[in-house]
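We count ligands from 1, going down the list as the structure has it; atoms in each ligand are counted the same way.
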Amino acid sequence: MPNVTFEAEPAPLSVDLDRAALVIIDMQRDFLEPGGFGEALGNDVSRLQAAVGPLKQVLAAARQQGMLVIHTREGHRPDLSDAPPHKVERGDPSTRIGAIGPMGRILVRGEPGHDIISELYPLADEPVIDKPGKGAFYQTDLELMLRNRGIDTLFVCGVTTEVCVNTTVREANDRGFRCIVLSDCCGSYFPEFHAAGLAMIKAQGGIFGSVAASKPVLNSLASIRYPARAAG
Ligand code: TIU
C-alpha cells in the first residue's frame, strides 16, 4: 500500500498504511447513551455524539483500505474481581460500577450498556479489546496484537479525549508507537478538556503524538490510486 500524506499538528505527516491501525476507544453505550456509566458520573452524554458522524466516515475509509481496525471497551467482569475497589466505591451506590441501570449493570462486560454503539459496531474480524482501565494497553493483549502485525502508527479516535484517549496515547507513545489523534473523531463531556487534551498531545513538538482533523486524512485516503490489475 502507498503512503498517505496529510496536514497535522505540529507538522504534516506521511504514513505507511501497511503499518498503521485505526484504534477506536470505548464508543460504548455506557458512555454515549443515557443510563450508563458516563451519566452516572454526572455528565451530559449527548456531548459525545458529535464524534460519531466523522468517526463513521473514518471507519468506512479504513475498512475500504483494508487497514487493521481495533475497538476497545472499558468494563469489568460480572464479579468485579478486576475492578479496583477505589474505582467501584466512587459515587452513589445506586449508580456505581456494577449497579443495575436501564442498560443493564453499569460498565459490566456482557451487559447491553457495555457494548459498542450500533453506528460503529465491529465487524466479525475486527478485534475488540476489553480493558479494565482507562488505557488500552494496561492488562490487555493490544501491544502483542500490534507487534504481531508490524504496526507502528495508530490513528486514535473515541471517548473521552482527556481520559481514555489520552491515557492510551501516552501508553502507546512510551511503547514506541506513533499516535495520530483525529480531533473531530474524539469527544469529551467537557469542551475545555477536549481542547486541552488535544493541546497536550501536540505541544512541545508533538510530545505524545500528532493531532489531525479527519477531513485531510479522508481526502488523502480517497486520493490513493492503485495500479490497474493485469487482465486475466
Ligand atoms: N469519565 C470519562 O471521561 N471517561 C471514562 O471514564 N472512560 C473513558 O474515557 N473511556
Side-chain angles (χ1 to χ4, degrees), residues 22-52 54-55 59 69-77 80 82-92 95-99 101 103-117 119-122 127-140 142 154-173 179 181-201 208-209 211:
L22 173 64
V23 179
I24 304 178
I25 304 291
D26 300 0
M27 292 299 285
Q28 297 161 255
R29 299 182 65 198
D30 258 330
F31 293 109
L32 284 115
E33 294 181 14
F37 185 59
E39 194 173 72
L41 295 172
N43 298 308
D44 173 3
V45 295
S46 67
R47 288 192 182 276
L48 303 191
Q49 284 295 332
V52 176
L55 187 36
L59 177 58
V69 176
I70 295 181
H71 306 257
T72 74
R73 299 185 294 204
E74 180 180 351
H76 299 282
R77 293 168 181 260
L80 304 186
D82 61 349
H86 291 301
K87 185 179 183 186
V88 176
E89 287 161 13
R90 283 173 205 151
D92 186 281
T95 55
R96 284 179 182 168
I97 294 170
M103 294 189 291
R105 293 181 67 205
I106 291 172
L107 226 63
V108 169
R109 295 177 190 164
E111 300 289 336
H114 176 262
D115 212 351
I116 292 171
I117 59 171
E119 296 98 314
L120 301 171
Y121 210 76
V128 178
I129 303 280
D130 277 321
K131 61 189 185 63
K134 304 304 180 193
F137 288 85
Y138 176 67
Q139 299 288 350
T140 74
L142 174 60
L154 309 179
F155 289 97
V156 187
C157 303
V159 298
T160 62
T161 316
E162 78 280 15
V163 181
C164 292
V165 171
N166 244 269
T167 306
T168 298
V169 166
R170 289 164 190 237
E171 288 180 326
N173 179 61
C179 289
V181 178
L182 300 183
S183 52
D184 51 333
C185 299
C186 296
S188 169
Y189 304 116
F190 307 93
E192 67 275 27
F193 290 171
H194 176 74
L198 298 175
M200 282 190 280
I201 287 164
F208 297 122
V211 175

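The D26 neighbourhood of ligand 1 comprises atoms 8 (C), 10 (N), with distances under 4.0 Å to a heavy atom of that residue. Taking every non-hydrogen atom of V159 and a distance limit under 4.0 Å, the qualifying atoms of ligand 1 come out as 8 (C), 9 (O), 10 (N). Taking every non-hydrogen atom of K134 and a distance limit under 4.0 Å, the qualifying atoms of ligand 1 come out as 5 (C), 6 (O), 7 (N). Close approach of ligand 1 to F37 is summarised as follows: ligand atoms under 4.0 Å from at least one heavy atom of the residue are 6 (O).
Where the criterion is an N or O separation shorter than 3.5 Å, residue side chain and backbone included, Y189 fails it with respect to ligand 1. Of the N or O atoms in E162, none lie within a sub-3.5 Å distance of an N or O in ligand 1.
To the nearest 0.5 Å, atom CD1 of residue I97 and atom NE2 of residue H76 are 4.5 Å apart. In this structure, the separation between CZ on R109 and CG on D115 is 13.0 Å, given to the nearest 0.5 Å.
At a 4.0 Å heavy-atom cut-off, ligand 1 touches L41 through the side chain alone. The proximity of T160 to ligand 1, defined as any non-hydrogen pair under 4.0 Å, involves the side chain as well as the backbone.
Just one residue in the list N166, N173, T168, T167 forms a side-chain hydrogen bond (donor to acceptor under 3.5 Å, both in side chains) with R170, and that residue is N166.
Taking atom 7 (N) of ligand 1 as the reference point, the nearest protein heavy-atom neighbour is E74 OE1, 2.9 Å. The protein non-hydrogen atom at the shortest distance from atom 8 (C) of ligand 1 is C164 SG, 2.6 Å. For atom 5 (C) of ligand 1, the nearest non-hydrogen atom of the protein is F31 CE2, 3.5 Å.
Ion pair K131/E171 not flagged as a salt bridge, since none of the NZ, NE, NH1 or NH2 atoms sits closer than 4.0 Å to an Asp/Glu carboxylate oxygen. Between R73 and D30 there is no salt bridge, since no side-chain N of the basic residue sits under 4.0 Å from a carboxylate O of the acidic one.
H194 and T161 share a side-chain donor-acceptor pair at under 3.5 Å.
Contact between P34 and V45 at its shortest, heavy atoms only, is N-CG2, 3.7 Å.
In this structure a side-chain-to-backbone donor-acceptor pair under 3.5 Å is present from E111 to R105.
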